[in-house]
Amino acid sequence: MAPAQELPPETEAVQLGDAAQKSRVTVVGRGNWGSVAPKLIASNTLRLPSFHDEVRMWVFEEILPSGEKLTDVINSTNENVKYLPGIKLGNNVVADPDLENAVKDANMLVFVTPHQFVEGICKRLVGKVKEGVEAISLIKGMEVKMEGPCMISSLISEQLGINCCVLMGANIANEIAVEKFSEATVGYRENREIAEKWVKLFSTPYFMVSPVQDVEGVELCGTLKNVVAIAAGFVDGLEMGNNTKAAIMRIGLREMKAFSKLLFPSVKDTTFFESCGVADLITTCLGGRNRKVAEAFAKNGGKRSFDELEAEMLQGQKLQGVSTARELYEVLSHRGWLELFPLFATVHEISSGRLLPSAIVEYNR
């Protein structure tokens with residue numbers, strides 16, 4: 001056998017330099033969408049030379065009924081058996097229960113957790129992420145603080161001192177997991193190059209992603225449509241029919257647009273015609289967990305709480321619509337806007353037990 005040839009020092013240096021310039025990706029999340037995201041990404045990091053093959057996935061550790069740790073099962077079976085059973089994530093996906101370890105080498109962070117956990121996660125990551133890291137949020141929701149509403153992308157940016165884009169769209173996770181065609185929208189602020197990098201990372205033949213320079217518009221569409229989906233679920237639970245549901249969706253879209261532009265005048269009208277806008281609203285009001293649980297709530301006459309139904313129906317997944325409706329109500333009340341957004345206000349008042357589900361069509365339109 002001939003001895004292995006040593007690489008010239010300059011060639012070796014170039015290879016090391018190329019490796020150093022490759023982007024490492026970590027996904028922060030482990031739920032339904034939090035498992036589909038690494039599946040999409042992992043298929044691209046293997047074929048794109050600008051990314052390291054391995055995709056880290058931070059998983060909040062759980063003990064399964066079998067007594068095994070969720071991370072151990074994901075790493076041994078290449079499957080999130082609790083939140084996305086039957087779907088292989090990719091052999092290059094590695095689950096890690098240690099948040100700091102999962103992110104320490106990453107220069108691209110993908111956040112996909114329930115929105116109520118984001119602030120706590122970011123506090124743990126302060127000073128732990130690499131300088132110049134880029135982030136993207138797939139999270140639909142907002143935080144309400146004393147000074148007013150805070151979008152999740154802004155919360156991540158402010159807490160960690162990093163740029164954060166968003167990805168939203170008509171994205172029911174189980175359908176994307178089995179590679180049914182769908183679309184999504186990446187919202188970015190100024191850097192089109194970074195947006196295009198995220199587009200490349202997520203795009204597949206069955207998942208088409210487009211960039212839009214409107215972070216707030218894209219993110220608010222993804223956030224507010226869950227509130228409208230709760231209203232659609234009430235309509236379904238009361239068997240009010242398709243005409244009523246279509247009317248609720250139209251009114252909901254109108255309120256989504258009006259609220260977004262009141263809060264951020266820079267929001268573009270055209271954003272509402274992207275996948276993150278009307279398409280996401282339609283799919284969420286036809287399917288999705290918010291509509292499903294709201295339907296059960298209405299069928300029970302509002303006598304069983306959303307918390308109880310969520311625990312029974314979603315196997316550990318979290319609703320976003322009910323908490324977003326509450327936070328939205330706080331913003332509307334504080335700013336004196338309740339009368340401008342009767343559908344949004346009514347959804348919260350029904351969800352909190354102040355009104356019966358039938359009130360969804362009884363408010364002053």
Check for me, please, whether L281 and V347 land in the same ILVMFWY cluster - side-chain distances under 4.5 Å, paths through other members count. yes
If you group Ile, Leu, Val, Met, Phe, Trp and Tyr by side-chain heavy-atom gaps below 4.5 Å, do V133 and L138 land in one group? no
Looking only at heavy atoms, the pair that brings C276 and C221 closest together is O-CB, 3.0 Å
Working for side-chain contact (heavy atoms from CB on, under 4.5 Å), residues T185 and S210: CA-CA 5 Å; T185 310; S210 303; 5.5 Å; no
Would K303 and E308 pass as an ion pair if we require N to O under 4.0 Å? no
Any carboxylate oxygen within less than 4.0 angstrom of a Lys/Arg side-chain nitrogen, looking at D105 and R24? no
Correct closest heavy-atom pair for Y188 and C165 would be CB-SG, 3.9 Å
Donor-acceptor pair, side chain of D236 and main chain of E295, under 3.5 angstrom: no
Side-chain donor-acceptor pair present, E143, H115, cut-off under 3.5 Å: no
Side-chain ion pair, K200 and E196, N-O less than 4.0 Å: no
Could you tell me if R354 sits above the aromatic ring of Y329, with its cationic atom closer than 6.0 Å to the ring centre and no more than 45 degrees from the axis? yes
Does this structure show an ion pair linking E219 with K140, if we count only N-O contacts that are shorter than 4.0 Å? no
Is the ring pair W198/F202 parallel, tilted or perpendicular, if the boundaries are 30 and 60 degrees? tilted
Treating Ile, Leu, Val, Met, Phe, Trp and Tyr as nodes and any side-chain heavy-atom pair under 4.5 angstrom as an edge, say whether I136 and L160 lie in one connected cluster. no
Hydrophobic cluster membership, with links at side-chain heavy-atom distances under 4.5 Å among I/L/V/M/F/W/Y: are I350 and L328 in one? yes
Should R30 and E62 be marked as a salt bridge (Lys or Arg N to Asp or Glu O under 4.0 Å) after you check the CA-CA gap, both sets of side-chain angles, and the distance that decides it? CA-CA 11 Å; R30 57 80 168 94; E62 298 181 57; 3.0 Å; yes
Charged N to carboxylate O below 4.0 Å: is that the case for K261 and D269? yes
Start with the C-alpha gap between C150 and E158, add the side-chain angles, then the distance that decides, and say whether side-chain contact (heavy atoms from CB on, under 4.5 Å) holds. CA-CA 10 Å; C150 178; E158 291 166 9; 4.3 Å; yes
How close do V28 and T113 get, counting heavy atoms only, and between which atoms? O-CG2, 3.2 Å
Within 45° of the six-membered ring axis of F273 and under 6.0 Å from that ring's centre, is NZ or CZ of K268 located there? no
Would you say D98's side chain and E100's backbone share a donor-acceptor pair under 3.5 angstrom? yes
Side-chain ion pair, E239 and K299, N-O less than 4.0 Å: no
Distance-only side-chain donor-acceptor flag, T271 / D214, under 3.5 Å: yes
Heavy-atom donor-acceptor pair, N290 side chain to I230 backbone, under 3.5 Å: no
Go through the steps for V27 and V112 under the test side-chain contact (heavy atoms from CB on, under 4.5 Å), then give the verdict. CA-CA 7 Å; V27 177; V112 53; 3.6 Å; yes
Tell me whether K88 is salt-bridged to E79, with the criterion being a basic N under 4.0 Å from an acidic carboxylate O. yes
Tightest non-hydrogen contact, residues A231 and I360, listed as CB-CD1, 3.7 Å
Salt-bridge present (E119, R124; N to O < 4.0 Å): no
Kindly compute the distance separating CG (N44) from CG (L40), expressed to the nearest 0.5 Å. 7.5 Å
Are N163 and E134 close enough that a side-chain donor and a side-chain acceptor fall under 3.5 Å? yes
Without swapping roles, check the side chain of K245 against the backbone of C285 for a donor-acceptor pair under 3.5 Å. yes
Hydrophobic cluster membership, with links at side-chain heavy-atom distances under 4.5 Å among I/L/V/M/F/W/Y: are M240 and I251 in one? yes
Anything under 30° is parallel, anything over 60° is perpendicular, the rest tilted; go ahead and classify W337 against F259. perpendicular
Of the non-hydrogen atoms in A170 and S182, which two are nearest, and what is the gap between them? O-CB, 3.8 Å
We want to know whether E61 and T71 form a side-chain donor-acceptor pair, criterion being a heavy-atom distance below 3.5 angstrom. yes
Could you tell me if N174 and N32 have a donor-acceptor pair between their side chains, going purely by distance under 3.5 Å? yes
Please report the closest heavy-atom contact between A345 and L338, naming both atoms and the distance. CB-CD2, 3.9 Å
Below 4.0 angstrom, N of the basic side chain to O of the carboxylate: do E54 and R56 qualify? yes
